[in-house]
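Quick notes on the structure that follows.
Just so it is clear: chains get the letters A, B, ... in the order the sequence lines come, proteins before strands, and each one is counted from 1. Since the model is a prediction, treat every value here as computed from it, not as a measurement.
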Protein chains: 2
Amino acid sequence: METRELRYFVAVAEELHFGRAAARLGMAQPPLSRAISQLERRLGVDLLRRTSRSVTLTEAGTVLLREGRAALGAVEAAERRTRRASQSQGLVLVSKAGAAGELLPKMLDAYAAEPHAVPVEVVLCGAGQQEALLRDGRADVALLHLPFDSTAGLDTEELTTESQVLVMPAGHEFSTRASVRMSDLAELPMPRWPELDGTYLPGPGPEVHDATQLLQLIALGRAVTVLPESVRTSLHGGLTTVPVLDAPLVTTVIAWPPHSRSLALAGLIQAATRL
Amino acid sequence: METRELRYFVAVAEELHFGRAAARLGMAQPPLSRAISQLERRLGVDLLRRTSRSVTLTEAGTVLLREGRAALGAVEAAERRTRRASQSQGLVLVSKAGAAGELLPKMLDAYAAEPHAVPVEVVLCGAGQQEALLRDGRADVALLHLPFDSTAGLDTEELTTESQVLVMPAGHEFSTRASVRMSDLAELPMPRWPELDGTYLPGPGPEVHDATQLLQLIALGRAVTVLPESVRTSLHGGLTTVPVLDAPLVTTVIAWPPHSRSLALAGLIQAATRL
DNA sequence: GGCGGCGATACCGTGGGGGTATGGAAACCC
DNA sequence: GGGTTTCCATACCCCCACGGTATCGCCGCC
């Protein structure tokens with residue numbers, strides 16, 4: 001199977017429409033139709049059910065969509081990492097914007113003090129995107145937060161575990177309490193983060209896309225949220241926190257793609273775990 | 001990058017010889033040379049250092065060899081899993097030949113008793129091959145033994161942990177002792193298992209390639225070995241065991257490729273962990 | 001029943017991948 | 001040191017497969 005065929009199939013499987021898929025691929029529709037039929041014939045498997053009105057995935061097509069995306073990611077990763085290996089031998093670290101406030105600078109300082117340290121570029125991204133960045137080679141190492149982020153298919157090392165606190169404006173009804181419980185918060189509208197595709201699930205809370213925006217909304221009294229306690233060091237005035245007793249513990253882990261233990265990466269991981 | 005280019009590059013990088021690589025690929029040498037140069041030009045990266053006498057990998061070439069193998073594995077996996085999804089919806093479980101003697105049948109029985117169980121095909125392979133089989137889609141799930149097998153890039157669930165015993169012929173000098181230590185065994189020639197490429201590292205012990213052969217050699221007095229204690233249930237007469245106090249504990253885990261939680265697989269994993 | 005949307009089919013042109021023949025550099029050998 | 005061998009690169013050619021345009025066939029809809 002060639003990556004071209006995979007790209008074609010993934011486009012069609014995502015659009016469920018040959019015309020739109022062809023447009024997305026920058027080609028005409030007939031060659032795309034043919035390419036998919038050829039792929040089906042070569043695999044000996046029906047991937048799509050076409051009526052002249054609609055296209056749906058078969059069981060096998062669903063599998064190939066999932067596996068094909070992963071395979072394309074791996075190919076792109078190979079390309080990116082090769083390119084990067086030829087130029088800079090620095091590392092790219094990715095973390096959620098606004099997360100890991102304290103830990104990150106400490107880690108970078110500790111690593112930079114090492115004898116053979118290489119430059120570390122820090123990329124901040126939206127929640128849940130780190131895995132994709134690692135997978136397709138745009139990043140070498142990530143900071144993830146369990147249990148929110150998935151570590152499927154990554155090697156990890158635990159760094160810290162912390163409890164969570166409710167973040168709210170100073171005058172909030174809970175601001176004078178010594179602690180709260182999750183059940184106290186059930187009625188409060190929680191801000192909604194974007195899904196992987198950039199859209200928002202429906203719900204009562206405001207839509208946010210980064211931490212600064214979130215903290216502003218909280219300061220404005222439009223939202224409250226539950227965050228790891230380390231955020232307290234980076235809160236400006238006007239915001240206050242109380243512990244949430246039964247919120248899940250948040251573990252920060254450093255994660256990297258398996259089989260990629262370059263010397264530089266090993267050094268960074270070691271520096272991080274020694275903190 | 002097309003998989004064809006990747007296959008070409010991997011072949012050349014492994015052979016370090018354009019002529020042999022071309023033969024392996026079933027093509028002539030000149031088009032192969034050209035394809036590699038094109039790849040280098042497109043990536044903007046030198047992958048190989050050629051003198052007219054020898055070919056060596058550059059730094060970037062080393063990266064692409066590693067990443068390219070993984071990417072090709074992912075593509076093959078996509079193909080195989082798609083094919084399998086269209087026919088049988090059974091599972092393929094892979095384990096080292098001779099290992100997991102007790103656990104495996106129990107697990108399969110427990111799973112078969114479940115309401116929606118699908119057929120499970122059991123494949124036995126040499127040590128260290130399970131990961132490759134999982135990765136390229138020939139297997140869905142594997143039994144691995146820590147700390148010997150690598151679980152890099154796999155999702156796992158621990159099943160059992162056991163200590164190890166020395167296996168030897170009945171009349172062996174250690175057979176009357178209550179226990180031994182690793183230091184007692186330092187002088188004994190241990191059998192050598194094949195590496196990933198099927199070759200053997202040099203050393204004093206006999207070369208073995210499966211468990212039956214190993215046990216026969218032990219019965220013949222030509223070798224002794226250290227194995228997880230569960231092997232005791234499958235030893236025939238003439239062999240005996242004593243505990244090795246300070247041998248590493250062996251943990252049997254069930255492992256599967258990330259992102260592949262089909263219903264059937266989830267059921268099998270659940271049945272296994274409930275044992 | 002005419003129309004519009006969509007996927008499949010028919011047919012054509014071209015670019016690129018693969019072939020053979022040959023060049024050119026470096027090691028080896030007597 | 002010149003001939004020989006070895007090995008990768010270049011030159012040239014051919015053909016197939018990929019992509020484009022035109023068109024058909026099917027089906028829902030107004």
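- Contact of the B/H116 side chain with the B/L263 side chain is not registered, since no non-hydrogen atoms from C-beta on lie closer than 4.5 Å.
- Considering only residues two or more places apart in sequence or on other chains, B/T62 meets the side-chain contact (heavy atoms from CB on, under 4.5 Å) condition with B/L57.
- Heavy-atom contacts of chain B under 4.0 Å fall on DNA chain C between two terminal nucleotides, which in 5' to 3' order are C/dG17 to C/dA27.
- Partners of B/S33 under the side-chain hydrogen bond (donor to acceptor under 3.5 Å, both in side chains) rule, at least two apart in sequence or in another chain, are B/Q29.
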Please tabulate, one pair per line, all N/O donor-acceptor pairs under 3.5 Å involving side-chain atoms of residues 17-27 of chain B, not counting sequence neighbours.
residue	atom	partner	partner atom	Å
B/H17	ND1	B/G19	N	3.1
B/H17	ND1	B/R20	N	3.0
B/R20	NE	B/E15	OE1	3.3
B/R20	NH2	B/E15	O	3.3
B/R24	NH1	B/E14	OE1	3.2
B/R24	NH1	B/E15	OE2	3.0
B/R24	NH2	B/E14	OE1	2.8

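- Against DNA chain D, the stretch residues 2-16 of chain B makes no heavy-atom approach under 4.0 Å.
- Here A/R34 pairs with nothing under the salt bridge (charged side-chain N to carboxylate O under 4.0 Å, His left out) rule; sequence neighbours left out.
- The salt bridge (charged side-chain N to carboxylate O under 4.0 Å, His left out) check on B/R7 picks up A/E2, with sequence neighbours excluded.
- Remark: A/R4 engages no residue in a salt bridge (charged side-chain N to carboxylate O under 4.0 Å, His left out) (not counting sequence neighbours).
- With sequence neighbours excluded, the residues satisfying side-chain hydrogen bond (donor to acceptor under 3.5 Å, both in side chains) with B/R50 are B/E40.
- Every residue two or more places apart in sequence or in another chain that forms a side-chain contact (heavy atoms from CB on, under 4.5 Å) with B/L133 is listed here: B/V94, B/C125, B/R138, B/A139.
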### Summary
Under a 4.0 Å heavy-atom criterion, the protein footprint on nucleotides 9-16 of chain D, written with B, S and -, is BB-B----
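- Applying the side-chain hydrogen bond (donor to acceptor under 3.5 Å, both in side chains) test to B/E76 and every residue at least two apart in sequence or in another chain returns nothing.
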